[in-house]
Amino acid sequence: MAGFRIERVNKELQREISRLLEFSVKDENAKRAVITGVDCAKDLKSAKIYFTTISQEDRRSVSESLKKVRTFLRSSLAQSLRIRTVPELRFIYDTSGEYGRSIDRLLDMVVTHDEDSDYVEGDDGERE
């Protein structure tokens, strides 16, 4: 039961933080963050906010800007959400997109290598 509640809180935090970044935050660097996920602790004391950026060059400046606006975000969340305590926000750059692209490149190399290699299959399906 607690897992379902935490997932609901995670989704709501993600939705609200994205909305606040888009409409309430004045820092243009922070507005370039794309919130990809939230992982809130079971006791709601802390939350990891995963973000990414469109361009790799913006990564450091967006990260610094998010650190500067996190107290504003937390106080705004306290006003808009109906939970007893608003967790401490910690922003973490999400590398899952980069990891997925590297796996795709590796798979493409394997497929290309298999298409380039000529082999003949015998009756039993083994390579000769």
Please report the C-alpha distance between Leu21 and Ile35 in whole Å, then the side-chain angles of each, then the deciding distance to 0.1 Å, and finally whether the side-chain contact (heavy atoms from CB on, under 4.5 Å) criterion is met.
-> CA-CA 9 Å; Leu21 285 174; Ile35 306 300; 3.8 Å; yes

Please lay out, stage by stage, how Glu16 and Arg19 fare under the test salt bridge (charged side-chain N to carboxylate O under 4.0 Å, His left out).
-> CA-CA 5 Å; Glu16 279 299 309; Arg19 186 186 64 75; 2.7 Å; yes

Hydrophobic cluster membership, with links at side-chain heavy-atom distances under 4.5 Å among I/L/V/M/F/W/Y: are [X] and [Y] in one?
X: Val9; Y: Val38; result: yes
X: Val25; Y: Leu81; result: yes
X: Ile49; Y: Ile92; result: no

Test Arg5 against Leu44 for side-chain contact (heavy atoms from CB on, under 4.5 Å), laying out the working first.
-> CA-CA 11 Å; Arg5 178 175 182 261; Leu44 297 178; 3.7 Å; yes

Are [X] and [Y] close enough that some pair of their side-chain heavy atoms sits under 4.5 Å apart?
X: Lys26; Y: Lys31; result: no
X: Phe72; Y: Asp27; result: no
X: Ser75; Y: Thr71; result: no

As an exercise, state the distance from [atom1] of [X] to [atom2] of [Y], rounded to the nearest 0.5 Å.
X: Thr53; Y: Tyr93; atom1: OG1; atom2: OH; answer: 4.0 Å
X: Ser63; Y: Leu66; atom1: OG; atom2: CG; answer: 6.5 Å
X: Glu7; Y: Asp39; atom1: CD; atom2: CG; answer: 10.0 Å
X: Arg70; Y: Ile17; atom1: CZ; atom2: CD1; answer: 12.0 Å
X: Leu107; Y: Ser102; atom1: CG; atom2: OG; answer: 9.5 Å
X: Arg32; Y: Ser65; atom1: CZ; atom2: OG; answer: 7.5 Å

So, does Lys48 use its side chain to make a donor-acceptor pair with the main chain of Phe91 at under 3.5 Å?
-> no

Charged N to carboxylate O below 4.0 Å: is that the case for Glu12 and Arg15?
-> yes

More than 12 non-hydrogen atoms from neighbouring residues, nucleotides or ligands closer than 6.0 Å to CD1 on Ile54, yes or no?
-> no

Nearest heavy-atom contact between Leu13 and Pro87 is CD1-CG, 4.0 Å

Indicate the atoms forming the closest heavy-atom contact of Ile6 with Cys40, along with that distance.
-> CG2-O, 3.7 Å

Answer with yes or no whether the side chains of [Y] and [X] bring together a donor and an acceptor at under 3.5 Å.
X: Thr36; Y: Asp94; value: yes
X: Asp58; Y: Ser61; value: no
X: Glu88; Y: Ser46; value: no

Quick one: do Leu89 and Leu77 satisfy side-chain contact (heavy atoms from CB on, under 4.5 Å)? Show the steps, please.
-> CA-CA 11 Å; Leu89 305 178; Leu77 287 170; 4.1 Å; yes

Carefully, step by step, assess Phe51 and Val62 under the rule side-chain contact (heavy atoms from CB on, under 4.5 Å).
-> CA-CA 9 Å; Phe51 74 96; Val62 169; 3.9 Å; yes

